[in-house]
There are 2 protein chains.
Amino acid sequence: MDDSFLRTCLFFTSNRLSRAITKIAEEQFASTGLSPMYGYLILLVNGTPGITQKELAEKLSVTPSTLTRFIDKLEGRHLAERKVQGKTVLVYPTEKSKELEVTIRAASRKLKESYSAVLGLDDASKLSDDILASSELLEKR
Amino acid sequence: MDDSFLRTCLFFTSNRLSRAITKIAEEQFASTGLSPMYGYLILLVNGTPGITQKELAEKLSVTPSTLTRFIDKLEGRHLAERKVQGKTVLVYPTEKSKELEVTIRAASRKLKESYSAVLGLDDASKLSDDILASSELLEKR
DNA sequence: TTAAATTAGTTGTACATACAAAATAGAAAG
DNA sequence: CTTTCTATTTTGTATGTACAACTAATTTAA
């Protein structure tokens, strides 16, 4: 039978890659006690104290509602603080999130090493570039 | 601040692409009344009547438990039938799923046209190839 | 020929994420 | 000013997906 779509359809291949890399990322981030997405979110907040949720959602390419949920979780674990300012919400690091930063950066490094070891440094970085460019085009569309 | 990981980390970029392409795919599959994954699953079952759940899970690169859920849904909508045979389950098409096939194939074609129009035919197909190759490597690892 | 190991599938539970609708605040227009 | 419009966030709800633990069937080995 013709199941070539499994290999040629971008919907398929990119979801597959996404599941594969997420699995690796979760392994490498286990030491942080966070899933990778939350780890990166903390880096963003730590690096830009007072950033708005809207900006965070844009940077991470997730919807505002998803971002609300993310911050809810971080706040619940004292890894971020909200300060309401009119209709926007400013997000700040906490002591705890600042302490975690080193561990997160280490995990992030391990993650990159881990997939680069499999794909090759150059190929991995080229792939990521290509994917980024395509994402941007498809989001704009 | 240094937020370059948003652009250089494969975990990030590939999840982003995955969300973007999934959104497009959902639009194009709206006419089928199914989400894209279920559409492709039906094509697979229709094309291989009696395929086992294990084989389906492997082809789609999802876990067996996920596949159980998928088939539950299809069966609930009379778009697939299970036949238990010892410890394995064989999955068969139904009248309804066979009728839907034309619509699904059309959606699948529209999807490919749609992202190829944005990325360019050659680039899109090359990207998908590269992504596939990397997925395979990362899954094996 | 029974006991142990392996394999296929299911179930409970959890998490990331989205969309649509509601709440709230601020800005613009009358 | 007050009404209307717009922007930001939140909430309710739904979906896709995974893992771990379980059940049931088959195979292997004693």
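Here is how names work: the chains are called A, B, and so on, in the same order as the sequence lines, proteins then strands, and each is numbered from 1. Side chains are part of it too, since the values below use all heavy atoms of this structure and drop only hydrogens, waters and symmetry mates.
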* Which residue, A:G86 or B:K23, contacts DNA chain C at a nucleotide closer to its 5' end, judged by nearest heavy atom? -> B:K23
* Between C:dA25 and A:Q85, is there an OP1 or OP2 to side-chain N/O distance shorter than 4.0 Å? -> no
* Structure fact -> Whole-Å distance, A:E58 CD to D:dT9 C1', equals 14 Å
* Asked: Side-chain N or O of A:S35 less than 4.0 angstrom from OP1 or OP2 on C:dA16?
  -> yes
* Given D:dT27, is OP1 or OP2 found less than 4.0 Å from the side-chain N or O atoms of B:K87? -> no
* Asked: Think A:Y38 has a side-chain N or O under 4.0 angstrom from the OP1 or OP2 of C:dA16?
  -> yes
* Asked: When the nearest nucleotide of DNA chain D is assigned to A:T88 and to B:T88 on a heavy-atom basis, which residue is associated with the more 5' position?
  -> A:T88
* Pick the nucleotide of DNA chain C nearest each of B:N15 and B:Q53; which residue has the one closer to the 5' end? -> B:Q53
* Asked: Does A:T48 use its side chain to pair, donor to acceptor, with the backbone of A:I51 at less than 3.5 Å?
  -> no
* **From CA spacing to verdict: salt bridge (charged side-chain N to carboxylate O under 4.0 Å, His left out), B:K54, B:E58** => CA-CA 6 Å; B:K54 179 161 198 282; B:E58 267 161 16; 3.1 Å; yes
* Asked: Within this structure, what is the CG-to-C1' distance between A:L90 and C:dA25, rounded to whole angstrom?
  -> 14 Å
* Separation of atom OH in A:Y40 from atom C1' in C:dT17, rounded to whole Å -> 19 Å
* Under 4.0 Å between a side-chain N/O of A:T66 and OP1 or OP2 of C:dA18, yes or no? -> yes
* To do: Decide, yes or no, whether a salt bridge links A:E95 with A:K98 under the criterion of side-chain N to carboxylate O below 4.0 Å.
  => yes
* **Ion pair check, A:K110 and A:E27, cut-off under 4.0 Å** => no
* Between C:dT17, D:dA18, D:dT9, which nucleotide gets closest to the side-chain atoms of A:T52? -> D:dT9
* **Minimum-distance nucleotide (side-chain atoms of B:K73 versus C:dT11, D:dG16, C:dA18)** => D:dG16
* Can you tell me if the side-chain N/O atoms of A:T63 get under 4.0 Å from OP1 or OP2 in C:dA18? -> yes
* Asked: Counting only side-chain N and O atoms of B:T68, is one of them less than 4.0 Å from OP1 or OP2 of C:dT10?
  -> yes
* Structure fact -> A:F29 CZ to C:dC15 P, in whole Å, measures 18 Å
* Structure fact -> Rounded to whole Å, CG of A:L67 lies from C1' of D:dT9 at a distance of 10 Å
* **Derivation and outcome, salt bridge (charged side-chain N to carboxylate O under 4.0 Å, His left out), residues A:D122 and A:K126** => CA-CA 6 Å; A:D122 291 355; A:K126 182 167 182 325; over 6 Å; no
* Structure fact -> To the nearest angstrom, the CG-P distance between B:L41 and D:dT17 comes to 11 Å
* To do: Verify the ring-centre separation between B:Y40 and B:F70: is it less than 6.0 angstrom?
  => no
* Hey, does the side chain of B:R69 come within less than 4.0 Å of D:dA14's phosphate (OP1/OP2), counting only N and O? -> no
* Structure fact -> note: A:K83, atom NZ; D:dT9, atom C1'; distance rounded to Å ~ 18 Å
* For D:dT17, does OP1 or OP2 lie under 4.0 Å from any side-chain N or O of A:R19? -> yes
* Structure fact -> Rounded to whole Å, CZ of B:F12 lies from C1' of C:dA16 at a distance of 13 Å
* Asked: If you check the B:V89 side chain, which of C:dT10, C:dA8, D:dA18 turns out closest?
  -> C:dT10
* DNA chain D: A:S65 or B:E26, which has the more 5' nearest nucleotide? -> A:S65
